Each structure stands twice: as C-alpha cells, then as structure tokens.
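Inspection log for the structure reproduced underneath, given as structure tokens.
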Amino acid sequence: IDFKTTMASVEFPSIFLNASGVNCMTVAEMDEMINAACTGGVVTKSATPQQREGNPQPRYYQLEHGSINSMGLPNAGFPYYLDYVTKEHAKPTILSVAGLQMSDNIELLHKIQASEYTGLTELNLSCPNVIGKPQVAYDFEETDALLAEIFSFYTKPLGVKLPPYFDLVHFDQMAAILNKYPLTHINTVNSVGNGLWIDIDTEKVVIKPKQGFGGLGGAMILPTALANVRAFRQRLNPSIKIIGTGGVTSGKDVFMHLLCGADMVSVGTALLHEGVGIFQRLTDELAAIMAEKGYTSIEDFRGKVQDF
Ligand SMILES: O=C(O)c1[nH]c(=O)[nH]c(=O)c1Cl
C-alpha cells in the first residue's frame with residue numbers, strides 16, 4: 001500500500017512526519033528523520049531569528065499517558081535551519097518558524113521569500129511556552145492582521161501550526177480567517193497549553209519553568225486532536241490541507257486522524273519515546289487495519305468519519 005501524498009505540489013513519499021520540536025533540533029536528527037523508513041520527510045524545530053537556549057531544565061517530563069513540556073523554544077537559530085532545508089535531501093522538508101513577536105514573523109518570512117528555498121514553510125502561531133508571550137493563534141485579530149501582512153509579499157508555500165481550540169464558535173471564527181488566505185496547510189494540534197503535573201512524593205511540580213505549567217502531548221490529547229482535525233476539515237477550503245498532530249501512538253490513532261480528514265499525520269511524544277522506528281510500525285499497523293477493512297487506498301476512507 002503506498003502512503004505517498006502531495007501537498008502544495010510537493011510529493012511526500014509517506015504521510016508520516018515528526019511533530020516540530022521532536023527529533024529535529026540538529027542536522028543529525030533531521031537527517032535521521034529523512035533516512036528513516038516510512039517517513040515522508042522532516043519538519044524542523046521552530047526557528048527563531050537567533051539561537052536560543054530555551055527554558056531551564058527539567059523542562060520535559062513523561063507522564064503515564066503522554067508528556068508535559070515547557071522547552072521555551074530552544075533552537076539553533078533561523079540561519080541554521082534555512083541552510084539545512086535549502087540543501088538537497090532525499091525527502092521534502094518543512095521549515096518551521098516562530099517569531100517572538102509579530103515583527104520577527106514578518107522578518108523571517110521576508111528572509112525565506114528572498115532565499116533560494118522553494119519548499120514548504122510552517123508558521124508556528126501556537127508556542128505555549130515563551131514566558132510573557134501569549135499564543136498568537138488565540139488572538140483572532142492579531143492572526144488575521146499577521147496573515148494579511150505576510151500574504152501581501154509572501155508567494156511561497158506556507159502553512160500554519162495551530163493550538164487546539166475547545167469552542168465550536170472558535171473553530172468557525174478561526175476557519176473564516178484562514179479561508180481568506182492561500183495557505184497550503186494547517187498543522188493541528190500543537191500541545192494542549194499550560195497543563196500541570198505534580199510528584200506527590202516531593203509535592204513539587206515536575207518541570208521547572210513557569211511554576212510547572214507546560215504543554216500536554218501524547219495519548220491523552222488524542223480526542224482533542226481528532227476534534228480539531230475534523231472541525232477544521234469541515235470548515236476549511238479543500239485547497240488547505242491538514243497535517244494531523246496529537247496523540248498518535250498506534251495505527252488505530254493514525255486511522256482515526258485520517259477518518260477525520262487529515263492529509264498527513266505527525267508524531268511527537270511517541271516518537272520521542274520510541275525513536276524513528278515508530279514510523280515502520282505505524283505504517284504496518286495502518287496497512288493491517290486497511291487490509292482488514294478491504295481498503296486499498298487512504299482515499300477510500302479519508303475524511304469519511306460518520307456521524308452517529
Ligand atoms: O516550548 C517549546 O519550544 C514548544 N513546545 C510545544 O509544545 N510547542 C511549541 O510550539 C513549542 Cl515552540
């Protein structure tokens with residue numbers, strides 16, 4: 001069964017990607033993603049204009065059914081990632097960028113527009129862990145203004161990374177904004193912002209930054225991720241593709257993301273725990289589910305989740 005897919009006329013040999021932030025900080029990690037079996041390519045760690053150390057450690061903690069993180073956007077800096085994605089690779093790249101304020105985002109996209117890079121870029125509007133900075137994507141007016149400014153000059157393929165929304169009216173409002181712009185895709189969901197976990201032996205929170213508040217990932221956020229994929233698929237122009245992210249640990253989870261309408265699927269927490277071998281496992285498990293159901297292509301069921 002071939003899981004290749006095309007987004008913005010870029011052909012991905014598989015539907016599987018890493019969630020930005022996992023297995024994508026260094027050239028070695030990004031090469032590992034590209035060279036791994038059953039991956040479609042690599043999404044870079046969200047790049048800021050300058051290199052960043054990020055928040056103090058411990059800033060990541062594995063929970064029984066997922067993870068909590070407040071990394072604080074550690075990354076090697078925009079030039080490092082632009083240099084990587086501009087080079088030739090065996091599979092496509094998605095350059096993720098995250099400004100710390102509006103002017104950063106505009107500056108980064110001007111640089112990409114002026115660069116040799118012709119691949120996909122993903123604007124991260126949803127980092128929950130930059131202390132003192134609210135998530136842009138929860139400010140609808142700011143998001144609209146930012147996209148209007150960007151598309152006044154940017155002509156290369158561009159998608160956005162969104163946080164989860166939890167109100168149907170917010171889905172309506174956000175989709176109405178996104179439908180105004182020639183986006184190649186959305187990537188939904190980013191971590192569920194500002195969760196908290198406690199070690200009852202020490203009676204302390206488990207991560208140091210932000211008094212223990214951090215973004216949630218992994219199995220426990222799958223229902224939220226599925227709802228966001230379905231809600232946006234129902235509302236967005238078909239020309240805007242969807243990368244489904246959040247809670248994927250098995251072929252069943254991939255199947256559910258695809259039923260909700262995802263075009264590609266990315267894996268974060270489970271990739272961190274299992275390594276890049278997970279993509280062969282997910283591929284085999286998805287293929288087995290499809291075989292059992294008599295599906296020969298993802299198009300047989302993509303977006304066809306049924307109401308009760
Ligand atoms: O703290 C982080 O680096 C981080 N952590 C996340 O869970 N999502 C993001 O978009 C980012 Cl940028």
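Below, all heavy atoms of this structure are taken into account, side chains as well, without hydrogens, waters or symmetry copies. Computed from a prediction, not measured in an experiment: that's the story for all the values here. Counting starts at 1 for both ligands and their atoms, in listed order. All residue numbers refer to positions in the sequence shown, counting from 1.
- Counting heavy atoms closer than 4.0 Å to ligand 1, residue N69 contributes side-chain atoms (C-beta onward) but none from N, CA, C or O.
- Remark: the T39 side chain and the K91 side chain contain an N/O donor-acceptor pair separated by less than 3.5 Å.
- H170 pairs with exactly one of F140, Y138, F232 by the ring pair (Phe, Tyr, Trp, His ring centres under 6.0 Å) rule, that one being F140.
- Which parts of ligand 1 touch L73 is read off a 4.0 Å heavy-atom cut-off, strictly below it: atoms 1 (O), 2 (C), 3 (O), 12 (Cl).
- Protein heavy atom closest to atom 12 (Cl) of ligand 1, with residue, atom name and distance, is C127 SG, 2.9 Å.
- Put simply, part of K45 is less than 4.0 Å from ligand 1, judged by heavy atoms.
- The N/O atoms of G215, backbone and side chain alike, include none that comes under 3.5 Å of an N/O atom in ligand 1.
- Using modelled atom types and a 3.5 Å distance limit, the side chains of D263 and T5 yield no donor-acceptor pair.
- Within 6.0 Å of the NE2 atom in H273, the count of heavy atoms belonging to other residues, nucleotides or ligands exceeds 12.
- In this structure, P74 counts as a contact residue of ligand 1, since one of its heavy atoms falls inside 4.0 Å of the ligand.
- Checked against a 3.5 angstrom limit, the closest N/O atoms of S70 and ligand 1 fall outside it.
- In this structure, G72 is part of the shell of residues with a heavy atom less than 4.0 angstrom from ligand 1.
- Between E274 and R281 a salt bridge is recorded (basic side-chain N to carboxylate O distance below 4.0 Å).
- The only member of I68, N69, L196 that meets side chain to side chain contact (heavy atoms under 4.5 Å, CB included) when paired with L216 is I68.
- Within the 4.0 Å heavy-atom criterion, the part of N190 lying near ligand 1 is the side chain and not the backbone.
- Other residues, nucleotides and ligands contribute at most 12 non-hydrogen atoms within 6.0 Å of the NZ atom of K208.
- Only the side chain of N124 comes within 4.0 Å of ligand 1, judged by heavy-atom distances.
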